[in-house]
Each structure stands twice: as structure tokens, then as C-alpha cells.
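Notes follow once the structure below has been shown.
Counting from 1, the numbers follow the sequence of the chain as shown. Just so it is clear, the values below take in all heavy atoms, side chains as well, and ignore hydrogens, waters and symmetry mates. Everything numeric here is computed off the predicted structure, so don't read it as measured data.
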Amino acid sequence: MMHRPLLSGVLFLILFGAAYGQSRLISDGSQGAGAEEETCGFMPCTSTAMGNLFLILVYGYLMFTAATYLSAGSELLLVILGPGIVGGLFLPILGALPDAMLILVSGMSGSVETAQSQVSVGMGLLAGSTVMLLTVIWGSCVLVGKCDLQDNLAKDNQDTRAFSLTGSGVSTDIWTTYAGIIMAISVIPFIIVQFPQMLHYDSGRNLAVLIGLIVSVSLLISYCLYQVFQPWVQKRRLDYINHRHVMSGILKHLKKHALGKLSTEDGRPNVEVLSKLFKAIDENSDGYLSHTDLRALIIGIQFNEVSLDHSDAVEKVMREFDTSQDSRIDLPEFIVGVGKWLEEAKTGNESNHAADSMKYIDDFHTQTKRDHFLLGVQSEEGEEGVENSPWTTVKAVLLLLLGTAIAAAFADPLVDSVQNFSNATKIPTFFISFIALPLATNSSEAVSAIIFASRKKLRSASLTFSELYGAVTMNNVLCLSVFLALVYARGLVWDFSSEVLVILMVCIVMGVFASVRTTFPVWTSLVAFLLYPFSLALVYVLDFVFGWS
């Protein structure tokens, strides 16, 4: 249902374009019988600024449609087949496909001289997509997804503080932090390519492009492999945090029911107190803690914050305490095991409470709950399911094929229209492609990200920002790989110092933001918004005032 308006719009543009072309042919009939009209795609070319602006709007809408179909098909495929190869390989590549095609055709057209003049369209798109996603879209997601901040964490679905710069914002999980770090690392190929120009060493430019291409492709492969194995890594991390949650919960339970401190003043386990606790847990008084005793203990504690597999938790506690491997825990094993847990709690305690105060157990429990929360594993209520049927699979594949076909068919006419509009208006092609083309190729993902962020939950915010960082990473490795391959294969000149500086600046600033914090108050959105006009102004000053190239 959601794709019918888009399809209707495509058909309208095609019919309108045909009528427009017919009227152009009729109006030009006085120039001579049999005169042929040059075409740009399915529409006639024009040398006027308004005519080319119209062509940019038409082909930009078609590229937006292609991106929408690719996004919809990718999401269906992800729901059907799950993460791993689909989420790690196909989705990031398909998301960057429209940009990659536009970059490809910008450097494949005509002679080397023509390609050199048009390749700035590709660089403008590459820089514009990165900057737009990390500034305008990133800041918008913070504003629409903001919740009240309490203890430096956003409270799900609680938004009562309006636009408080410090009291309102969004929180993301730790996986989003990793995505931001990876995004910052993905700018390495840009730095490599810029080395000869930084050192004023012209003869080394081709070698730098080749090395940058190899590094970029290597990072692309590494990133895809990371995405494939990330679900496994997440599961291992969740298992560890759940076990630590059981450990901190048992320690807090023992502390609550102990008639004295669990450890002595010198930090060693308090044998007398732990012996009494052991007897209280040993329900049948046989001198051992069995699987049944441990299960009763864990169920009695009521770990409401986590979805806990009680049998798995019992097995892990048993393996950790049962050093004799006789499937039961005696008093000495219990004392040694609790002692190890106390030491781990003290080591992992971020506060400065004295060890003999036992306050560090409460702090350790609180920190564990926070760490579990930042994993972003809480259930998402009301998520729409997709029926896994043969027709759904066919629909997903058809959407992907249709999106790819539209992007392939209209990428070249769009690049030509941008170049012709630049010639007609004397506006550099970089600025046109920097502002206009990302709106066409990234709009569907941007709207989707903003809508998802508006759910005002940690999980939705985490997925939103991870998607943004992932899209930028794919721009920096896949799209740059295509760009560098064109430059190297066609012998083009790499003269994009100011553009690269803008990409580095935005990616590093936002990457540092993502790597050092998981909560983003509203004031961080203002920083992101300001980076967009600053980036445009910086390129203009460096290129047209200082003459950078």
C-alpha cells in the first residue's frame, strides 16, 4: 500500500516528461525540419537554468523512489531472514547503492577531461551525504527522540522538560558507541589519499590513490564481516552481563540477610557470617547446595530487570563454585566462591566506598543494572511483525530489483542535469550535488530514522543512530572505493583537499561524540546543526578564497 503513491508519482513524471518533450520538439520545429532533439534520459536536454532545475527535480525524485524501494525491500528481507549475512552484507551495500551509482556514472562519462569535470558531482554527493546524515538528520533525531534525563540516562517515553538543553536528550546502547568508533576509523583512506598533497609531493598521488583504494576495500570487507558476526558478539556480551547480574543480585541478597558483614576488615570472607547464610540456603540441611537449592535462591531473588534463563543461571553458578566437580557445593567452596565475587565487585566498583562498608555491593549492583540497560535488550512492545510467506520474499526481491533498475537507469541523466545546471548558473557542481543530491538518495532513510527515533525509547534511539553511523561508514568505504577506482583506472586527478577536510572534520567530531558518551542532551543537536552551514562555508573559503585544490 505504501508504495502506490510513489509508483503513481513515477508514472506522472514519465507522462509529464513525454508531454514536455513533445512541446519542446514542436516549439523547436521552426529551427529546421528534421532537427533532432538531444535527450537526457527519457526527457529532452535543455541549456537553460530552469529547464535543468526541472530535470534535477524529476530525476532526483526518481532516485528518491529507487532509494525508497531499496530500503523497503531490505527491511522485508531482514525481517524474513534475520541479521548476519543479510544485515551485515546486503543491507549496508543496498543502502549505499544509489550514491555509488551516481559516483560511478560521474566518472565514466565521455573523455578523461569530461570525467574530470563531472567527478566533482560524485565528490559533492559523497561529502554531502556524510555531512547531511551526521548534522541535519542526526540533530533532528535527537530533537524528536528526546526524553527526560535522569542520572545521565534518558527515561523511556517520558518527555516533560520541553527543550531543556541539559535536562532532555536521548540515550543509546553500547553497540551504538562501537558503530560511532567504526565510523571514525573509516576515514583512514581519505587521510592516505591526501598525504601527497599535504606533503606537496605530486608524483606520489597515483600511488596514494592505489593504497587508499586497497585500504578502503579492506575496511569494507572488515566492516561487513563485523556486521555478520555482531549478533554473536552481542549474545556473548549479553550472557556475560546476565551472569554478572545474577552475581550482583545474589551478593546483595546475602548482604541483606546476613547478620554481620560478608568480609572482615582485611577484606577476607567472613567465615562465620557466610556459614550461617550457607545453612539458610541449604534447605534439606545435608551440608551441600544442590541445583535445586540454587534454583530456589535465584527464583526467590526475583530478577525482574532481566529476562533470565533460571536453569542456565544455576548451571553457571554451579560451574563457578563447584571446584570439585561433584555437582554440589560444600561450605568451603561456597566461602571461596563468595570471596571471589566480593573481590570482583570491589574491583569493578567505580565509587570510593571503603571495602569494609559493604556499600560497594549496592554500587556494583546499580552499575550492573545500568550496563544491562545500555545493552539495549529490553523488549520492544507493539513492533509490527511481517508474515514470512513466499509472497513476502518475492515482494522483497521485486522491490530490490525495481529500486536497482531505477537507480541504474536515471543516475547518468541526473549527473548530466547537475552539470548542465552548473554551466547555466555558474554555480560550482560541488555545491549543487552537496545540497541537492543527498536529498534524493538519502531522504527515505532520513525520514525512516526520524520516525523511528520519535518512539522515544533507548532501543529505537540506538537503532536510529547505529543506522546513521552505518550509512556514513558505508559511504566512507564503499562509495569511496568506487570513487578511488574511477580516479585510478581513468587517470583522473585527485584535487579535493577542502572536501576531504570537511568529511574528516564532521566524521571525527561526531565520532568522538559517539565514542565518549552514550547520552546526548539537546545541546548536542545544536552542535550538529551548526556543522552543516559551517561545512559549506569552509569549502567555499578554502576553494575560492585560498585557492585549495
Side-chain angles (χ1 to χ4, degrees), residues 126-155 159 161-187 190-191 374 431 434-435 438-439 442-443 445-447 449-454 456 458 460-473 475-476 498-542:
L126 179 58
S129 294
T130 294
V131 173
M132 185 186 78
L133 289 171
L134 291 180
T135 57
V136 178
I137 307 305
W138 192 96
S140 299
C141 288
V142 171
L143 292 182
V144 302
K146 66 181 180 62
C147 298
D148 296 343
L149 297 183
Q150 183 177 332
D151 296 328
N152 202 34
L153 283 177
K155 306 296 291 183
D159 185 17
R161 299 177 182 175
F163 288 92
S164 172
L165 294 180
T166 58
S168 183
V170 299
S171 290
T172 59
D173 59 30
I174 60 173
W175 309 109
T176 308
T177 298
Y178 299 157
I181 294 173
I182 292 172
M183 178 193 70
I185 294 174
S186 68
V187 302
F190 287 101
I191 300 174
L374 291 177
F431 293 102
F434 185 96
I435 298 173
L439 295 176
N442 294 284
S443 289
E445 288 154 338
V447 172
I450 292 173
I451 291 175
F452 204 61
S454 65
K456 296 183 180 295
L458 177 135
S460 60
S462 300
L463 293 174
T464 296
F465 288 101
S466 292
E467 181 181 351
L468 293 180
Y469 297 146
V472 172
T473 300
N475 275 342
N476 291 345
S498 56
E499 293 86 343
V500 169
L501 179 61
V502 165
I503 293 174
L504 292 177
M505 176 190 69
V506 174
C507 285
I508 291 175
V509 169
M510 302 309 292
V512 168
F513 257 175
S515 62
V516 300
R517 61 192 309 146
T518 55
T519 297
F520 302 95
V522 168
W523 68 263
T524 60
S525 67
L526 302 181
V527 176
F529 286 134
L530 290 174
L531 279 175
Y532 188 82
F534 180 76
S535 299
L536 273 174
L538 182 62
V539 172
Y540 178 82
V541 170
L542 293 178

Can you tell if the side chain of [X] reaches within under 4.5 Å of the side chain of [Y], non-hydrogen atoms only?
| X | Y | value |
| --- | --- | --- |
| Thr177 | Val516 | no |
| Trp138 | Tyr532 | no |
| Pro521 | Leu165 | no |
| Ser168 | Phe163 | no |
| Val131 | Leu531 | no |
| Ile450 | Ser454 | no |

Looking at [X] and [Y], would you say the former's side chain and the latter's main chain have a donor-acceptor pair under 3.5 Å?
| X | Y | value |
| --- | --- | --- |
| Ser466 | Ser462 | yes |
| Thr130 | Val472 | no |
| Arg161 | Thr166 | no |
| Lys146 | Lys456 | no |
| Thr172 | Thr518 | yes |
| Ser129 | Leu126 | no |

Derivation and outcome, side chain to side chain donor-acceptor pair (under 3.5 Å), residues Thr176 and Asp173: CA-CA 6 Å; Thr176 308; Asp173 59 30; 2.9 Å; yes
Drop me the distance from [X]'s [atom1] to [Y]'s [atom2], to the nearest 0.5 angstrom.
| X | Y | atom1 | atom2 | value |
| --- | --- | --- | --- | --- |
| Leu143 | Phe529 | CG | CZ | 4.5 Å |
| Leu542 | Glu499 | CG | CD | 9.0 Å |
| Asn475 | Ile503 | CG | CD1 | 8.5 Å |
| Phe190 | Leu504 | CZ | CG | 7.5 Å |
| Leu133 | Met183 | CG | CE | 10.5 Å |
| Ser171 | Asn152 | OG | CG | 7.0 Å |

Neighbour count >12 (heavy atoms, 6.0 Å) for atom CZ, Phe431: yes
Criterion side chain to side chain contact (heavy atoms under 4.5 Å, CB included) on Leu530 and Thr135, from CA distance to verdict: CA-CA 8 Å; Leu530 290 174; Thr135 57; over 6 Å; no
Side chain to side chain contact (heavy atoms under 4.5 Å, CB included) between Tyr469 and Leu134, worked out: CA-CA 8 Å; Tyr469 297 146; Leu134 291 180; 4.1 Å; yes
Over all atoms of both residues, closest heavy-atom pair of [X] and [Y]:
| X | Y | result |
| --- | --- | --- |
| Gly511 | Ala184 | CA-CB, 4.3 Å |
| Ala514 | Phe520 | CA-CZ, 4.0 Å |
| Asn476 | Ser186 | ND2-OG, 3.0 Å |
| Met132 | Pro438 | CE-O, 3.6 Å |
| Phe513 | Arg517 | O-CG, 3.0 Å |
| Gly169 | Ala154 | O-CB, 3.7 Å |

Parallel, tilted or perpendicular: ring planes of Trp175 versus Tyr178, cut at 30 and 60 degrees: perpendicular
From CA spacing to verdict: side chain to side chain contact (heavy atoms under 4.5 Å, CB included), Thr519, Val170: CA-CA 6 Å; Thr519 297; Val170 299; over 6 Å; no
Chi angles and distances behind the side chain to side chain contact (heavy atoms under 4.5 Å, CB included) call for Phe434, Val539: CA-CA 11 Å; Phe434 185 96; Val539 172; 5.7 Å; no
